[in-house]
Amino acid sequence: MANYYKETPELKYHLNHPLMKRIVELKERNFADKDNYDYAPQNFEDAMDNYDRVLDIVGEICGDVIGPNAEGVDHDGPKCENGRVQYAPGTDINIDATRKASLMGMAMPRRFGGLNFPIVPYIMAADMVSSADAGFENLWGLQDCAETLYEFGNDDQKQRFLTRVCAGETMSMDLTEPDAGSDLQSVTLKATFDEKENCWRLNGVKRFITNGDADIHLVLARSEEGTHDGRGLSMFIYDKRQGGVDVRRIENKMGIKGSPTCELVYRNAKAELCGDRKLGLIKYVMALMNGARLGIAAQGVGISQAAYNEALAYAKDRKQFGKAIIEFPAVAELISLIKAKTDATRAILYETARFVDIYKALDDIAKERKLTPEERAEQKKFAKLADSFTPLSKAMGSEFANQNTYDCIQVHGGSGFMKEYKCERIYRDARITSIYEGTTQLQVVAAIRYVTTGAYLAQIDDYEQQISLLAGDKPTDFDILRNKLKDMADKLRMAVNQITEAKNQELLDLMARRLVEMSAHTIMGNLLVIDALKAPELFAKSANVYVRYAEAEVEKHITFIRKFQEENIADYRQA
């Protein structure tokens with residue numbers, strides 16, 4: 001029997017990171033729930049054992065149910081009948097399995113029926129589910145909506161809706177429209193208050209809505225008459241039980257076919273305000289998108305893991321010219337790079353998740369009592385780290401998922417182009433990850449200010465100190481890599497200075513992707529060396545492969561930046 005958790009020991013390594021002690025302490029509030037819930041942990045060790053056991057169950061469900069169903073779900077897909085979505089048969093089986101295992105409310109507090117898990121083990125579950133079937137992760141993983149409702153809904157809304165989510169109901173976030181994709185300030189779906197019924201009514205069309213026929217929706221709508229920007233938008237909760245929303249069609253997509261992407265028509269649909277008016281985009285959707293982007297980063301890592309597994313298995317089995325193709329250096333290099341990129345993006349994914357865990361737990365505590373000065377400083381520090389690392393994690397996780405599935409097909413040769421092989425499906429599934437929840441280009445826009453302010457370089461300096469402490473005074477197998485990483489950091493610093501000193505916004509915009517990628521490569525290289533020093537049996541090979549790859553990428557970018565002349569900017573403008 002397959003078990004995605006046991007077969008991926010890197011997950012357990014990241015679960016046991018030293019910061020988990022602080023995360024559990026904050027999340028469990030000194031284990032106050034142990035007197036009210038028999039499944040609540042008694043202490044830190046008990047909590048970690050709970051996470052380990054549940055992740056083992058997730059790994060088993062992925063191996064026995066979700067993974068085996070993936071091909072059938074991809075073939076069958078969902079259908080739209082009479083304005084409603086009918087899932088593929090395999091999807092219904094997947095939902096039933098996760099519901100029965102109480103996995104639908106992992107991150108929600110126990111008082112709503114959840115498991116009160118931190119973000120780290122929840123993202124690990126998303127990692128595994130994505131490896132089994134990226135399309136199903138879009139249905140199961142929309143618990144991010146529940147996190148937003150928990151953060152901004154009132155007590156009555158939390159009690160009514162979150163208990164349903166924890167019991168197994170699904171959610172969606174209805175943001176985009178035919179004329180408002182990345183530009184959410186242009187949303188026009190109209191919200192008007194019905195004085196007679198004392199409720200809001202929604203009218204309009206939403207497009208590209210993942211799991212659009214979900215039970216509970218978070219909807220971005222224009223509540224302020226006469227406005228045309230983000231300040232006129234509010235967040236609403238729509239309950240499918242109330243009626244008023246029909247699925248006009250399900251998009252015929254390239255990949256993630258088991259996940260219904262819907263066009264929705266709102267006709268006087270009854271809804272209720274979530275949070276305060278006018279903050280829908282400015283505050284609530286920004287928080288929602290950050291959580292969703294971390295989920296897509298996990299999806300990218302899971303897809304990369306699937307690509308590695310498929311490429312390795314095929315290369316060991318396939319023989320050409322009298323030997324297994326993995327013995328050919330050209331093939332071995334491809335597989336080594338898939339593995340290194342997977343480990344690198346997994347390292348930044350869980351680093352980001354830990355940052356998110358700490359600042360969100362402190363945010364939640366602040367609703368119950370006043371934070372101490374030390375806690376406020378801690379909250380501010382980790383909120384900034386989470387905000388800066390989320391776009392890096394999403395951008396690199398999704399871009400590497402695309403590269404890794406491409407290389408996986410290359411390892412398979414002609415067979416990889418055939419639908420009989422899993423790699424054809426995961427290649428199609430990977431493509432969307434660098435598009436939805438903010439394209440890679442938008443992640444660069446979000447990340448560039450942390451390049452120019454020196455925030456990434458400061459964190460790189462911190463990682464260098466961690467490496468020095470781990471390595472001690474004695475020579476190690478990773479000293480060459482350490483020198484390479486320091487050189488990469490110096491080149492990043494040089495590139496940042498050159499671009500910022502020019503004081504040319506168009507030049508900065510043009511070079512932003514290169515600067516962000518240089519930052520990401522240097523950060524992930526440092527994280528992998530830290531992991532390799534702690535667990536060489538898991539990460540030594542990947543650290544050696546990735547740092548050398550990253551060094552070449554940084555060199556490519558620094559060479560371009562050094563030689564670029566400002567007068568060449570005109571060549572990149574298109575009429």
Which residues share a salt bridge (charged side-chain N to carboxylate O under 4.0 Å, His left out) with Arg164, sequence neighbours left out: Glu169, Asp239
Atom CG of Asp179: over 12 foreign heavy atoms under 6.0 Å: no
Short side-chain to backbone donor-acceptor contact, His217 and Val219, under 3.5 Å: no
Shortest non-hydrogen contact between Cys145 and Leu288, atoms and distance: CA-CD1, 3.9 Å
Heavy-atom side-chain proximity of Leu103 to Ile61 below 4.5 angstrom: yes
Residues that Ala311 engages under side-chain contact (heavy atoms from CB on, under 4.5 Å), provided they are two or more places apart: Ile335, Ile338, Cys408, Val411
Listed once per pair and sorted, the ring-ring contact (aromatic ring centres under 6.0 Å, His included) pairs that draw on residues 413-437, sequence neighbours left out: Tyr314-Tyr421, His412-Tyr421
Check: Met173 and Thr148 side chains under 4.5 Å, non-hydrogen atoms: no
All side-chain contact (heavy atoms from CB on, under 4.5 Å) counterparts of Glu420, not counting sequence neighbours: Met418
Salt-bridge present (Lys27, Asp357; N to O < 4.0 Å): no
More than 12 heavy atoms of other groups within 6.0 Å of Asn82 CG: no
N-O pairing of Lys422 and Glu424 below 4.0 Å: no
Side chain proximity check, Ser259 to Leu139, heavy atoms < 4.5 angstrom: yes
Asp127 and Tyr4 side chains, donor-acceptor separation under 3.5 Å: no
Gln242 side chain vs Ala269 backbone, donor-acceptor pair below 3.5 Å: no
Side-chain (Asp194) to main-chain (Glu197) donor-acceptor, under 3.5 angstrom: yes
Check against side chain to side chain donor-acceptor pair (under 3.5 Å), Ser434 and Arg431: CA-CA 7 Å; Ser434 55; Arg431 188 62 190 89; 2.9 Å; yes
Check: Gln157 side chain, Leu273 main-chain N or O, donor-acceptor pair, under 3.5 Å: yes
Salt-bridge present (Glu28, Lys34; N to O < 4.0 Å): no
Value rounded to 0.5 Å, distance of CD in Glu137 from OG in Ser131: 11.0 Å
Side chain Arg354, main chain Val120, donor-acceptor under 3.5 Å: no
Arg249 with Glu263: basic N within carboxylate O range, under 4.0 Å: yes
Ser542 versus Lys339, closest heavy-atom pair with distance: OG-CG, 3.6 Å
side-chain contact (heavy atoms from CB on, under 4.5 Å) partners of Gln441, counting only residues at least two apart: Thr439
Among Met104, Arg110, Met108, Arg99, side chain to side chain contact (heavy atoms under 4.5 Å, CB included) partner for Cys166: Met108
Main-chain N/O of Val65 paired to Asn69 side chain as donor or acceptor, under 3.5 Å: yes
Backbone of Leu220 reached by a side-chain donor or acceptor of Lys206 within 3.5 Å: yes
Between CG on residue Leu162 and CD on residue Glu147, distance to nearest 0.5 Å: 9.5 Å
Exercise: do Asp364 and Tyr150 side chains pair donor with acceptor under 3.5 Å: yes
Check: Asn211 and Pro260 side chains under 4.5 Å, non-hydrogen atoms: yes
Phe44 atom CZ, over 12 foreign heavy atoms within 6.0 Å: yes
Inter- and intrachain pairs under side-chain hydrogen bond (donor to acceptor under 3.5 Å, both in side chains), touching residues 54-65, at least two apart: Asn3-Asp56
Partners meeting ring-ring contact (aromatic ring centres under 6.0 Å, His included) with Tyr284 (sequence neighbours left out): Phe152
Main-chain N/O of Asn268 paired with Asn203 side-chain donor or acceptor, under 3.5 Å: yes
From Asp92 atom CG to Gln86 atom CD, the distance as rounded to the nearest 0.5 Å: 8.0 Å
Rounded distance (nearest 0.5 Å) linking atom NZ of Lys341 with atom CG of Asp407: 6.0 Å
Salt bridge Glu177-Arg207, side-chain N to carboxylate O under 4.0 Å: no
Heavy-atom check, side chain of Ile23 versus side chain of His17, under 4.5 Å: no
Residue that, paired with Trp200, satisfies ring pair (Phe, Tyr, Trp, His ring centres under 6.0 Å) out of Phe193, Tyr266, Tyr238: Phe193
Partner set under ring-ring contact (aromatic ring centres under 6.0 Å, His included) for Phe400, not counting sequence neighbours: none
Closest contact, heavy atoms only, Ala221 versus Leu202: CB-CD2, 4.0 Å
Non-hydrogen side-chain atoms of Phe136 and Ile95 separated by less than 4.5 Å: yes
Side chain proximity check, Glu272 to Phe161, heavy atoms < 4.5 angstrom: yes
Contacts of Asp96 that satisfy salt bridge (charged side-chain N to carboxylate O under 4.0 Å, His left out) - sequence neighbours left out: Lys100
Gap separating the CG atom of Asn16 from the CG atom of Asp52, nearest 0.5 angstrom: 7.5 Å
Distance-only donor-acceptor check, side chains Tyr87 and Asp213, under 3.5 Å: no
Atom NZ of Lys240: over 12 foreign heavy atoms under 6.0 Å: yes
4.5 Å side-chain heavy-atom contact, Met289 and Leu175: yes
Residue list, salt bridge (charged side-chain N to carboxylate O under 4.0 Å, His left out) with Asp387, at least two apart or on another chain: Arg449
Listed once per pair and sorted, the side-chain hydrogen bond (donor to acceptor under 3.5 Å, both in side chains) pairs that draw on residues 300-310, sequence neighbours left out: Ser304-Asn404, Gln305-Asn309, Gln305-Arg346
Heavy atoms of other groups near Asp156 CG, more than 12 under 6.0 Å: yes
Under 3.5 Å: donor-acceptor pair, side chain of Lys367, backbone of Asp363: no
Under-4.0 Å salt bridge between Asp74 and Arg428: yes
Results of side-chain contact (heavy atoms from CB on, under 4.5 Å) for Thr433 - residues two or more places apart only: Ile296, Gln299, Ile303, Ser398, Ala401, Asn402
Enclosure of Lys283 NZ (heavy-atom neighbours >12, cutoff 6.0 Å): no
